Amino acid sequence: MSTTKPFDSRTIAGLLAAQLACVKGELESLPVDACRWTPSPGEWSVNEALGHIIESERRGFNGRIRTILAEEMPALPGWDQEVIAGERRDAEKDPAALLREFESLRTESIALVSGLRPEQLERKGMHTQVGEISVRDLLHEWVHHDRNHVKQLLSVVQEYVWPNMGNCRRFAEFD
């Protein structure tokens, strides 16, 4: 098994900025109906995937890091993602409004991460489900989580265009 070196906070901040640019470009290009469309019942739309990224950032990453920095070994409660998604009702929202919400929060998060000092990366909290986690752990999970849900968002767009590809769908046979 190969090992990798942890990223420093500057690299993490750059990766968070890159995901902001990706999401912004995608949402600014899509019509509203495409952002609200779901591939099948129970799957998230582009809007809902972005709403989850926003809440995860607010409650999970940015929020938990701020709590860890403010308190000594704080308790970090989990949250019910499905309940929060239902309360947010992102499928019905204007994608431009969701993008503004994300952009504002992500800009704040990039500033937070950029300003972290090396000793702050080692501060820890106790998560109710997974146990002890450090700021460094959260930063790396943030990068992983972002990419997981941005891939999800991009996949919804792929599925949206699929029926309109005609015979070009046959190219998938050669991939």
Side-chain angles (χ1 to χ4, degrees), residues 6-30 35-36 38 43-71 73-117 120-157:
F7 291 138
D8 60 25
S9 56
R10 212 171 116 178
T11 300
I12 301 281
L15 292 169
L16 294 176
Q19 290 302 103
L20 170 58
C22 176
V23 169
K24 185 175 180 181
E26 198 77 10
L27 262 78
E28 287 178 343
S29 301
L30 289 169
C35 291
R36 292 178 176 161
T38 56
E43 292 187 39
W44 283 346
S45 65
V46 167
N47 274 9
E48 290 165 316
L50 181 55
H52 174 74
I53 292 169
I54 290 167
E55 282 304 319
S56 296
E57 187 149 339
R58 182 174 288 128
R59 294 170 187 270
F61 302 110
N62 182 320
R64 287 181 181 146
I65 289 170
R66 289 184 185 284
T67 299
I68 291 171
L69 295 178
E71 301 173 30
M73 195 59 143
L76 303 169
W79 52 284
D80 190 326
Q81 299 171 24
E82 294 300 321
V83 169
I84 298 303
E87 290 172 357
R88 283 185 58 90
R89 302 173 63 99
D90 291 312
E92 303 162 16
K93 291 183 180 174
D94 174 36
L98 279 172
L99 183 56
R100 285 190 301 274
E101 182 182 3
F102 177 59
E103 195 168 15
S104 174
L105 181 58
R106 181 52 59 100
T107 300
E108 177 187 310
S109 294
I110 292 166
L112 169 67
V113 172
S114 295
L116 289 171
R117 297 183 311 276
Q120 291 175 309
L121 301 177
E122 305 312 318
R123 291 187 58 91
K124 296 179 181 178
M126 185 63 70
H127 190 277
T128 54
Q129 294 167 303
V130 301
E132 187 176 281
I133 55 176
S134 69
V135 170
R136 182 185 313 280
D137 297 337
L138 281 167
L139 292 176
H140 287 81
E141 166 59 10
W142 200 344
V143 170
H144 186 275
H145 184 270
D146 246 25
R147 273 138 188 84
N148 185 46
H149 289 292
V150 170
K151 283 192 296 188
Q152 178 185 27
L153 185 150
L154 296 172
S155 292
V156 171
V157 177

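Owing to the predicted nature of the structure, the values given are computational and were not obtained by experimental measurement.
Proximity of the aromatic rings of His140 and His144 is defined here by a centroid distance below 6.0 angstrom, and this criterion is not met.
Atom CG of Leu153 is separated from atom CG of Asn148 by 11.5 Å, given to the nearest 0.5 angstrom. One finds the NZ atom of Lys24 at 14.0 Å from the CD atom of Glu26 (value rounded to the nearest 0.5 Å). Note that CG of Asp80 and CD of Glu87 are 9.0 Å apart. Values are rounded to the nearest 0.5 Å. Here the OG atom belonging to Ser9 is positioned 13.0 Å from the CD1 atom belonging to Ile110, to the nearest 0.5 angstrom. Rounding to the nearest 0.5 Å gives a distance of 12.0 Å between NE2 of His145 and CD of Gln19. Taking CG of Leu138 as the reference point, atom CZ of Arg123 lies at 13.0 Å (rounded to 0.5 Å).
At distances below 3.5 Å, not a single donor-acceptor pair connects side-chain atoms of Ser104 with backbone N or O atoms of Arg100. Side-chain atoms of Arg136 never come within 3.5 Å of backbone atoms of Glu122 as a donor-acceptor pair (strictly under, hydrogens ignored). Judged by distance alone, with hydrogens and angles left aside, the side-chain atoms of Gln120 form a donor-acceptor pair with the main-chain N or O of Arg117 at under 3.5 Å. Judged by distance alone, the side chain of Glu48 and the main-chain N or O of Ser45 form a donor-acceptor pair under 3.5 Å. A donor-acceptor distance shorter than 3.5 angstrom exists from the side chain of Asp137 to the backbone of Ser134, with no hydrogens or angles considered.
For the residue pair Gly131 and Met126, the shortest heavy atom distance occurs at C-SD, 3.4 Å. The heavy-atom pair separating Ala49 from Gln152 by the smallest distance is CB-OE1, 3.9 Å.
Between Leu116 and Leu139 the shortest side-chain heavy-atom distance falls below 4.5 Å. Inter-residue side-chain proximity for Ile84 and Trp79 is flagged as met; some heavy-atom pair is nearer than 4.5 Å. A 4.5 Å side-chain heavy-atom check between Asp90 and Leu50 finds every atom pair outside the cut-off. Looking at Leu15 and Trp142, their side chains never come closer than 4.5 Å, going by heavy atoms from C-beta outward. Within the 4.5 Å cutoff, the side chain of Ser109 has no heavy atoms near those of the Phe61 side chain. Two residues are said to be in side-chain contact when any heavy atoms from C-beta on lie closer than 4.5 Å; Ile53 and Val150 meet this criterion. Side-chain contact between Trp44 and Thr38 is absent, with no heavy atoms from C-beta onward closer than 4.5 Å. Between Leu76 and Ile68 there is a side-chain heavy-atom pair separated by less than 4.5 Å.
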### Verdict with supporting geometry, Ile54 and Arg58, side-chain contact (heavy atoms from CB on, under 4.5 Å)
CA-CA 6 Å; Ile54 290 167; Arg58 182 174 288 128; 3.6 Å; yes

Go through the steps for His52 and Arg88 under the test side-chain hydrogen bond (donor to acceptor under 3.5 Å, both in side chains), then give the verdict.
CA-CA 9 Å; His52 174 74; Arg88 283 185 58 90; over 6 Å; no

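Note on Arg106 versus Glu103: no salt bridge recorded, every NZ/NE/NH1/NH2 to OD/OE distance being 4.0 Å or above. Under 4.0 Å is where a charged nitrogen must lie from a carboxylate oxygen, and between Arg66 and Glu71 no such pair does. A salt bridge is absent between Arg10 and Asp8: the closest approach of a Lys/Arg side-chain nitrogen to an acidic carboxylate oxygen does not fall below 4.0 angstrom.
Atom CZ of Arg147 has more than 12 heavy atoms from other residues, nucleotides or ligands within 6.0 Å. The neighbour count for Lys93 NZ, taken as heavy atoms of other residues, nucleotides or ligands under 6.0 Å away, is above 12.
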